[in-house]
Amino acid sequence: MRKAYIEEQKSRHGRKAVVVLPVHYPREILTAMNVLAVELWGPPGPPRGPEAGRLQTYVCAVVRNALAFIASGGADVADGALFPHTCDSVQGLATLAPDFGGWKKPAFRFIHPKGPLRASSRAFIRAEMVALAQSLATLGVAPPTDDALRDAIRLHREIDALKLRLADRRAYLPVNDADYYRVLRRGEFLWPTDHLNELRDIERKLLDTPAQKGIPIFITGYVPEPMSIFDVVAEAGAYVAGDDYAAVGRRVNSRTELDLSDPWAALVDLYDSASPCPTHSAEQAPRLAHLDAIMQRCGARGVIIHEQKFCEPQLFDVPALRRHFGAHGIPQLYLEGELESDFSGQARTRIEAFIETLSSPRSAA
Amino acid sequence: MITRRIQYEIAGNVVGPFLTSLDKWRKKLRPKKKGPKKEHPFGPPLESVNRLKDIMTRYYFQGRYADGAVPVAWVTSGFPVEIFRPLGFWTVYPENHAAICSVQRVVPELSDVVEKEGYARDLCGYARADIGSVMTGKTPVGRLPKPDLLACCTNICQTVLYWYRALAEHFKIPLVLIDTPYVYGEAPEHHRQYVKDQLLELLEVAQKITGKTIEPEALAEVTRKANIGSKLWGRCLDASKNKPAPWTGFDEFFHMAPIVSLRGSDECNDYYRGLAEELEDRVKRGVGGLKKETHRLMWDNLPIWFNVRGMSDLLAQNGFNFVCTTYTNAWYEAGKVIDERDPMGSAAKAYTHIILNEDLPKRLSLMKRLAREYDVVGAVLHSDRSCKPYSIGQYDLKDRLQAEANIRVMVLEADHADPRAFSAEQADNRLTAFMESFA
Ligand code: SF4
Ligand code: SF4
């Protein structure tokens, strides 16, 4: 399905397509250059092809599966690959596949600075964004004009604003989690205007009275895989009232005021105001405050921490998360996965049991 | 503060040296074991070992009294410490400390504590050991001084940043970061500028914390010393280009402590000058690290600290010697680039171009060069469960090295810190089979 869509985008709109590894990248630049971003979060399930064996089994499944996928031709429809500077493992893949085999087309890297932005890192990320645009131009597309960049920023701001409205009114949306998140995640490969239209379709469904009857829960984690997590949660009598998945909610930027006179500076401002993410090496205190704010807004009664095994950036934050939720008396469940196609019986039972405890009067108090 | 300073000076200049000489006397007075001497495959021990012990014992002993006496910074091994030296910082290297924890086999105990807190066992063993040590106060070195500042550089990995951030939360102190963009091919100008800008920011922070100003001459002087130290260390490593190599790769692992922990000091340079002379003298006299060196190998990645003894015995008994390692070489490659004429600019370059911060083609070409210069017949690539940045790509490196350097290569699955992720029996079997393949 993705392949057909990408081919159509290329032939009908003359777009180039770039496969993008997780997590953060200035998508606005790609949009402004008429380049379709197709994100690669794995894909889930067993590695597609033997090349995952070129990486040790203690490397996360996201990177191992990505190598298997691109090396077996799964991403050949794309014209290039973009590797953001997410973690040591993506960084390793960014040299392994293009330099030692597995990816023969152009490889682009986007190195985002770590830690809170300082004068040095502001100047750096701006230069890095300009350099990314220049290297993408090698695909035969024109570098973005300031106006094109402004338009792209406006478009992505609109998408984010709509996602925030939907998140705020999640309880009033008569759509189950599985369908809702499917639409949100289609943004990983749709052209932004197509994604915006789908989001608008969903927005039209909003009711004036609450439509979600289950127990509101909050999920923080990396990527909602297996997607059946939403079915399991729903079957157990809950719904995801808010999320901080790196792949989904965390990438929605809530900044409203933005000076677009210098669009490159605006992109830096956007980066600066992004939700705290361990892959940016955000400090823990602001991250915890950010999660508290979402939880309060969505009225979640419990939290699921859903991580990928071997994921250093995320896993280093887990003790702080657990301590924090524990200290605030918020019930929590820790889940760790490896991009399985589906949950094991045991994982299902744990989710069900957790949600059951949330429905008891004591934890509801 | 004054009392603490006096304690610190006495610890470093009186008690520390006294304790090390006491230890030597004790050893001398200890009754010699009777009976026939056990045969071993190693050459005569290096005399420098005693000086190494003195230096490191004194370093850790004086460190116990450093907090409250002088500013203390905990730093990563690849951090540009030259900036701290003129300001009088006492620097602690948690990685070096974690290596000691691993040698002493206390990592599982320390890790258990942090695992209960929610740290996954899949995280780097150095980080787990260090955070565990901080949480429990347990350490084989007596006591580590509390830091005033945490200083971390991502040129070895990003793990150090997450690890130091946890320390910053624990100690409630500032963390300074030197973020070094990974080098694919050549580092573009804006990458070098970024690192240089951060070094200037660091300078400001360090000056603010200490209330002192760094005189440019002082910085140039430390840079000069660090450069000399690295070159001296390189001279020691180069000695193994001779046959037989005058020491073993396992020796190198232990003798690298001063270049990591005391880089930029006279003490470090004096030590390596002595060591280089001793090694060169052994070369002249044909004295090897092994009594009989039959096969020369290269080692890649960190050592398996808790099993260095076992492995070195097994290899040495069969005449196999690690004559070069990518790990110990790292402190030579970077340090030789820093230049007193441009301390900041050259540091930006040197600390960005670290083996772990460069792409795989660079790593391959370095390994091929080492293989050629040290004339090795094979290589062992330690696939280190704890260290992803060093381990990713090793299966490909193995194939490429075999084909392009014409040497035999094996990948050994282990861990540098945590014995629970290691099977000695399996490793011995694999190494034995590898050695047999040369028969
Ligand atoms: S899951 Fe974690 S380790 Fe793996 S690619 Fe994503 S951020 Fe990196
Ligand atoms: S052992 Fe590897 S992961 Fe751990 S601190 Fe060192 S370089 Fe980083």
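Lettering of chains follows the sequences in order, A, B, ..., and the numbering in each one begins at 1. Note that the coordinates shown come from a computational prediction; the quantities given were computed from them, not determined experimentally.
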Interface check, chain A: of B:Gln394, B:Glu201, B:Arg400, most non-hydrogen pairs under 4.5 Å belong to B:Glu201
Please determine whether ring-ring contact (aromatic ring centres under 6.0 Å, His included) holds for the pair A:Phe124 and B:His190, giving the CA-CA distance in whole Å, both sets of side-chain angles, and the decisive distance to 0.1 Å. CA-CA 7 Å; A:Phe124 171 71; B:His190 72 278; 5.7 Å; yes
Could you tell me whether the side chain of B:Arg165 and the main chain of A:Phe316 form a donor-acceptor pair under 3.5 Å? no
Choice from B:His191, B:Glu189, B:Lys398 maximising heavy atom contacts with chain A below 4.5 Å: B:His191
Donor-acceptor pair, A:Thr95 side chain versus B:Leu360 backbone, under 3.5 Å? yes
Under a 4.5 Å cut-off applied to non-hydrogen side-chain atoms, are B:Leu123 and A:Phe310 in contact? no
At their closest point, which heavy atom of B:Tyr194 faces which heavy atom of A:Pro113, and how far apart are they? OH-CB, 3.2 Å
For B:Gly118 against A:Val318, the heavy-atom pair lying closest together: O-CG1, 3.8 Å
Would you mind telling me which of A:His85, A:Glu336, A:Gln91 has the largest number of heavy-atom pairs within less than 4.5 Å of chain B? A:Gln91
Please report the C-alpha distance between A:Arg118 and B:Leu177 in whole Å, then the side-chain angles of each, then the deciding distance to 0.1 Å, and finally whether the side-chain contact (heavy atoms from CB on, under 4.5 Å) criterion is met. CA-CA 11 Å; A:Arg118 305 160 275 167; B:Leu177 163 69; 3.9 Å; yes
Check: B:Asp384 main-chain N/O paired with A:Tyr58 side-chain donor or acceptor under 3.5 Å: yes
Taking everything shown except B:Asn406 itself, do over 12 heavy atoms lie less than 6.0 Å from its CG? no
Counting only heavy atoms closer than 4.5 Å, note whether A:Pro98 contacts chain B via side chain, backbone, both or neither. neither
Portion of B:Leu175 that has a non-hydrogen atom of chain A nearer than 4.5 angstrom: neither
Looking at B:Glu117 and A:Arg322, does any basic side-chain N land under 4.0 Å from a carboxylate oxygen? no
With a 6.0 Å cut-off (strictly less than), is the heavy-atom count around CD of B:Gln193, excluding the residue itself, greater than 12? yes
Does any heavy atom of chain B fall under 4.5 Å from the side chain of A:Ser121, the backbone, both, or neither of them? both
Output the distance between atom NZ (A:Lys114) and atom OG1 (B:Thr180), rounded to the nearest 0.5 Å. 11.0 Å
Would you find a donor on one side and an acceptor on the other, under 3.5 Å apart, between the side chain of A:Asp88 and the backbone of B:Gln158? yes
Against chain A, label B:Leu200 side chain, backbone, both or neither, depending on which of its atoms sit under 4.5 Å from a heavy atom there. neither
Counting heavy-atom pairs under 4.5 Å with chain B, which one of A:Leu321, A:Asp317, A:Leu93 comes out on top? A:Asp317
OG of A:Ser89 to CD1 of B:Ile392: how many Å apart, nearest 0.5 Å? 4.0 Å
Closer than 4.0 angstrom, basic N to acidic O: yes or no for B:Lys388 and A:Glu312? yes
What option among B:Ala120, B:Cys124, B:Cys157 has the most heavy-atom pairs under 4.5 Å with chain A? B:Cys157
Relative to chain B, which segment of A:Ala97 carries a heavy atom at a distance below 4.5 Å: side chain, backbone, both, or neither? neither
Against the six-membered ring of B:Tyr395, is A:Arg54 placed for a cation-pi contact (under 6.0 Å from the centre, within 45° of the normal)? no
Is a donor from one side chain sitting under 3.5 angstrom from an acceptor on the other, for B:Ser383 and A:Gln56? yes
Can you tell which part of B:Tyr162 gets under 4.5 Å to a heavy atom of chain A, answering side chain, backbone, both or neither? both
Heavy-atom pair of closest approach, residues B:Asp122 and A:Lys309: OD2-NZ, 2.9 Å
Heavy-atom pairs under 4.5 Å with chain A: which of B:Ala127, B:Ala166, B:Ser391 has the most? B:Ser391
Taking atom CD as the centre, does B:Gln426 end up with more than 12 heavy-atom neighbours from other residues, nucleotides or ligands that are less than 6.0 angstrom away? no
Do B:Gln198 side-chain atoms and A:Ser120 backbone N/O form a donor-acceptor pair below 3.5 Å? no
Checking A:Ala320 against chain B: side chain, backbone, both or neither under 4.5 Å from a heavy atom? neither
Part of A:Leu55 lying under 4.5 Å from any heavy atom of chain B: both
Pick one of side chain, backbone, both or neither for A:Ala131, based on which atoms fall under 4.5 Å of a heavy atom in chain B. side chain
Over 12 non-hydrogen atoms of neighbours within 6.0 angstrom of NZ in B:Lys368: yes
